[in-house]
Structure formats: structure tokens, C-alpha cells
Amino acid sequence: MYPGDQVDSELRWRSVLAFGNFDEIVTPSEREEILSKLLKRFPMLAPVESDLIGDGGSPEVVVFRIKVDRITGVSEG
């Protein structure tokens, strides 16, 4: 199942697809700002994500945004 899917049963479900442009964030200060905002919005993230704040985020972690151009979906039931 994709994150945009909601399945109540095999005859009652809906799915959403978003299309847009992927933009990798490589500037340490911008990476830190985005990671901080994510942690404020989702405070229950694992400690691994929390450790990324303060150094601009580990370079092994890809920080990105998607500029959504179009959203579509389908449903049954």
C-alpha cells in the first residue's frame, strides 16, 4: 500500500497520486531548517532523525521537497 492509500475493504478504498518536481536540498542551513520543521510537526520521529538537527543533517540522508503540480485519485465504494 502507498501512503496515499486508504483501504477499508476490497470493495471500499481510495488512493491518491501526486505529481510534481523533486528538489534535493543540499545547503546545510536549509537542510537543518527543514529537518527542524519536520521534527516540530512530527515530534514522535525516532531519535535517529532528531540527531540530524544541528549539523545540517547527515549527508547520507536525502532531504528533499516535492513541488506538487497535480493531484489525482481513484476510489471504489
Side-chain angles (χ1 to χ4, degrees):
M1 241 187 327
Y2 294 102
D5 293 344
Q6 178 183 348
V7 179
D8 296 329
S9 73
E10 62 188 45
L11 297 176
R12 186 174 172 79
W13 55 268
R14 62 183 169 179
S15 183
V16 175
L17 293 172
F19 298 89
N21 293 308
F22 170 94
D23 184 19
E24 184 173 355
I25 309 304
V26 295
T27 307
S29 60
E30 191 174 8
R31 288 169 56 92
E32 184 172 343
E33 178 184 349
I34 289 170
L35 290 169
S36 292
K37 287 179 181 179
L38 280 172
L39 283 174
K40 284 180 185 171
R41 182 154 183 183
F42 303 102
M44 299 304 289
L45 288 176
V48 171
E49 289 87 355
S50 300
D51 290 343
L52 297 175
I53 304 301
D55 64 356
S58 170
E60 295 85 34
V61 175
V62 176
V63 178
F64 65 93
R65 69 177 144 239
I66 297 176
K67 296 178 183 175
V68 177
D69 296 325
R70 177 172 58 102
I71 297 175
T72 186
V74 292
S75 65
E76 177 69 37

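No experiment lies behind these values; they were computed from the predicted model shown.
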Counterpart residues, ring-ring contact (aromatic ring centres under 6.0 Å, His included), relative to Phe42 (two or more places apart): none
Going by the rule salt bridge (Lys or Arg N to Asp or Glu O under 4.0 Å), which residues pair with Glu30 if we only count those two or more places apart in sequence or in a different chain? Arg65
Suppose we screen for salt bridge (Lys or Arg N to Asp or Glu O under 4.0 Å). Which residues come up paired with Arg12, at least two apart in sequence or across chains? Asp8
Could you report the tightest heavy-atom contact between Phe64 and Ile25, atom names first, then the distance?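 Of all heavy-atom pairs spanning Phe64 and Ile25, the closest is CA-CG1, 4.1 Å.
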Go through the steps to decide whether Phe19 and Ile66 satisfy the test side chain to side chain contact (heavy atoms under 4.5 Å, CB included), and finish with yes or no. CA-CA 8 Å; Phe19 298 89; Ile66 297 176; over 6 Å; no
How would you list all residue pairs meeting side chain to side chain donor-acceptor pair (under 3.5 Å) that involve residues 68-77, not counting sequence neighbours?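 Every pair satisfying side chain to side chain donor-acceptor pair (under 3.5 Å) with a residue in residues 68-77: there are none.
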